[in-house]
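Everything on this sheet refers to the single structure shown next.
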Amino acid sequence: MRDQFTDFYVRLRKREGFEFDTWGYNICIHAFGCWGDLPLCLSLFDEMKAKSLGTGSFGPDLCTYNSLIHAICSAGKVKDALIVLEEMKGSGHDPDAFSYRILIQGCSKSYRIEDALRIFAEMQCNGFLPDVIVYNSLLDGLFKARRVGDACNVFEKMVRDGVRSTCWTYNIIIDGLFRNERVEGAYTMFHNLKKKGNFVDGITYSIVALQLCKEGHLQEALSLVQEMEARGFKVDLVTITSLLIGFFKHGWWDGTDTLMKHLRDINLVPAVLKWKTELESRMNALQSKSKDGTRMFESGGNISEFVKLMSPALAESEDFSGGDSDEWSSSPHMDRLASMAQSNSYVLPLFSLSRGQRVQERGADSFDIDMVNTFLSLFLAKGKLSLACKLFEIFHDAGIDHTSYTYNSIMSSFVKKGYFDEAWGILHEMGEHVCPADIGTYNVIIQGLGKMGRADLADTILDRLTKHGGYLDVTMYNTLINVLGKAGRVDEACELFEQMTAKAGISPDVVTFNTLIEVHSKAGRLKDAYKFLKMMLEAGCSPNHVTDTILDFLGKEMEKTRYKKASIIRDADEDNPD
DNA sequence: CTAGGGTTAG
C-alpha cells in the first residue's frame, strides 16, 4: 500500500505543471505521517506555505495541522507536537476534537501523563466532549504511569458522563489492574464481564491467560485458552507466545504437547511446531560457533562511539532554539522543524511511539518475524544463548526483516550475562537498520552501561534523551535509578526519583521501591531505606518476594548498627563508670 | 485506543 502510494506520489510530482491544492497536500501529509516519514511531511508543509504566500491560496488549514501534529507524534516528538498546537492556536486555527484526540493519544503513549491530563481538561473547557477513544488512551496512559487511583477516577467520570465503554476499555482496565498489582480486582472484573456476556473478546482472554502464566498457573491458563476457543475467539500467535513462554519459564516441558492436544481446529500450533522442527534441523546443520565464551567489553575505548551510536540524530544537531527563524511567521517552531528536516538533523526519531508490528496470522507455511521472535524469546527465557545466536544468524542470513523487538531480546540476554562485545555488535547493526530503536532498546543499553561501570554515560544519555523530546517510562526510570544507585550515586538516584514522581507524574511501583530500599541499604543509609519502605506501604504498594529478600538484608544491617551502637555505649560506659 | 520483548533481591 505504502509503495503504491509513494509510486503514485512520485509520478504525480514528476508530471510537468502539476500542482497540489490544499486537499492534495493534506492527503499526502496524512499518509506519509502514518508511515512515519516526518521529514517529507515537514517539507510538504513548508512548500505549501511558500506557495500560499505567492498565490494566496493552497494554505494550510485545520486538517493540515492535525495531520502534521499526528505525524510529529508518531515520530515520537510529542514535545514538538505540543508546541505546534500552541502555534496553531496563535495562527487563528482553533483546535477541534481531532486535534485534542491526537495529542491525548500521543501524550498518553509517551508517558507525558501530566500533559495528557492538561489537554484533556482544556478540551472540555472548550466545549468538546471526550469520546471513548480519548478515554481509552488516557486510561491506558494512567495505568502505565502507575496512577491507578487517577485511572479509576477517570473511569468513574467516563461512566458519569454517559460515555459507553467498549471491549477495549475493559481490556485496558484489566491489563492495567494486572500491571499495577491489583490482581484480584482484575480477575473479578473479568469474571463479572463474562457473566454479563458482552465486553469480552479474544484479547481479554489473551491478557488474562498471560497473567495466569506469569503466576505459574499453567493448567488454568490452558483451560482458559480452551474456553476462549470454545467461545469462538481465535487463539492467535500472541496468546500462543504467552503460553509457550510460560511453559518454558516454569520448566513445564510437556506443556507444548498438552497445548496441542487441548486445542482443536486451529492450525497455528502445528504450524509453529512444524516451523520449530525445521528451524532446529537447520540449526543442527550449522557448525557450532561458540559464542558463549566471548570476553567482556574491554577498556573504555569505544565509549565515544557508543554514545554516538546511541543518539544518531543528536550528534550533529545543535540547539533547537535560535536559527534563522522569521519572527513574523505565525509558526516559528514549525518553520524550524521544517528547516531542520531539510538539513537532515531531524530525521531519525529517538524512538517511535509504535512498537513492532502486530501479529497477523498468515498462511500455515509463512515464517514471519514474529515467529522468529517467539522462539527467540523462548530460547532466551531459558538462557540458551548459543541457540538464540544461531537463530539470530539464520534469519539474518535469510534476510528476514528485523524489528527492534528481536534485537532487544537478544541484546538484553547479552547484557545480562556481561557479553558486551556481542551487544555492541547488535547495536551497530541496529544503527544501520531502518527500524527505529524503541524505548526497550535504550533501556537495555543503559543497563549495560551500568554494568560496565559507566553510570556517568547513562546519565548523559538520559540528559540528551529528555532534552530532545524523548520519553522515559517506568521501566526506564527503574533501570536508571538502579544504575545510579549501584554506582554509589545515591543522591542522583533520589533526584531521579523526584523527577519521576513530581515532574513526570509517574507513580513509583514495587520495582522502584525495591530498588530504592536496596540501594540505600547497601549504601548504609538505613534510615532512608526505612523511609522508602514506609513510603511504599503508605502508597498502598504491596511488597513482593523480592522485597522480602531486600528487607532481610536491611534487617541484618540494622541489627549490626544497633549492635555497634550498643557496644559504643557500653564502651563509653566502661570508660566513665559513673 | 488494548495483549507476547526491555526494570528490582540471592
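In what follows, chains are A, B, ... by sequence order, proteins preceding strands, each numbered from 1.
- A donor and an acceptor atom sit less than 3.5 Å apart, one in the side chain of A:D473 and one in the base of B:dG6.
- Of the residues in residues 536-549 of chain A, those with a non-hydrogen atom less than 4.0 angstrom from any atom of DNA chain B are A:H545, A:V546, A:T549.
- Residues satisfying the salt bridge (Lys or Arg N to Asp or Glu O under 4.0 Å) criterion with A:D201, sequence neighbours excluded, are absent altogether.
- Nearest to the side-chain atoms of A:Q447 among the listed nucleotides B:dC1, B:dG4, B:dG6 stands B:dG6.
- Within the structure, ring pair (Phe, Tyr, Trp, His ring centres under 6.0 Å) contacts touching residues 223-247 of chain A (residues at least two apart or in different chains) are A:Y205-A:F233, A:F247-A:W252.
- Contact annotation: A:K522 reaches the phosphate of B:dG10 (side-chain N/O to OP1 or OP2, under 4.0 Å).
- As judged by a 4.0 angstrom heavy-atom cut-off over every strand, A:I203 is placed among the base-contacting residues.
- Evaluation of the side chain to side chain donor-acceptor pair (under 3.5 Å) rule for A:R112 yields no partner, not counting sequence neighbours.
- Taking only side-chain atoms of A:W168, from C-beta outward, the nucleotide of B:dT7, B:dT2, B:dG4 with the closest atom is B:dT2.
- Mapping A:R146 and A:T169 onto DNA chain B by nearest heavy atom places A:T169 closer to the 5' end of the strand.
- In this structure, the ring pair (Phe, Tyr, Trp, His ring centres under 6.0 Å) partners of A:H520, at least two apart in sequence or on a different chain, are A:F532.
- Partners of A:F155 by ring pair (Phe, Tyr, Trp, His ring centres under 6.0 Å), not counting sequence neighbours: none found.
- Looking at residues 175-190 of chain A, you'll see A:D175, A:R179 sit with a heavy atom under 4.0 Å from some atom of DNA chain B.
- Scanning for side-chain contact (heavy atoms from CB on, under 4.5 Å) contacts around A:N66 gives A:L62, A:M88, A:D96, A:F98, A:S99, A:I102, with sequence neighbours left out.
- By the 4.0 Å N-to-carboxylate-O rule, A:D456 lies close enough to A:R454 to be salt-bridged with it.
- Across A:E215 and A:H250, no two heavy atoms sit closer than the pair C-NE2, 4.5 Å.
- When distances are taken from the side chain of A:I133 to each of B:dT8, B:dC1, B:dG10, the shortest belongs to B:dC1.
- Comparing atom distances between the A:S206 side chain and each of B:dA9, B:dG6, B:dA3 picks out B:dA3 as nearest.
- Here B:dC1 presents its P atom at 11 Å from NZ of A:K144, a figure rounded to the nearest Å.
- Applying the salt bridge (Lys or Arg N to Asp or Glu O under 4.0 Å) criterion to A:E492, with sequence neighbours excluded, gives A:R489.
- Of the candidate nucleotides B:dT2, B:dT7, B:dA3, B:dA3 has the atom nearest to the side chain of A:L210.
- Considering only side-chain atoms of A:Q105, the nucleotide from B:dT7, B:dG6, B:dC1 that sits closest is B:dC1.
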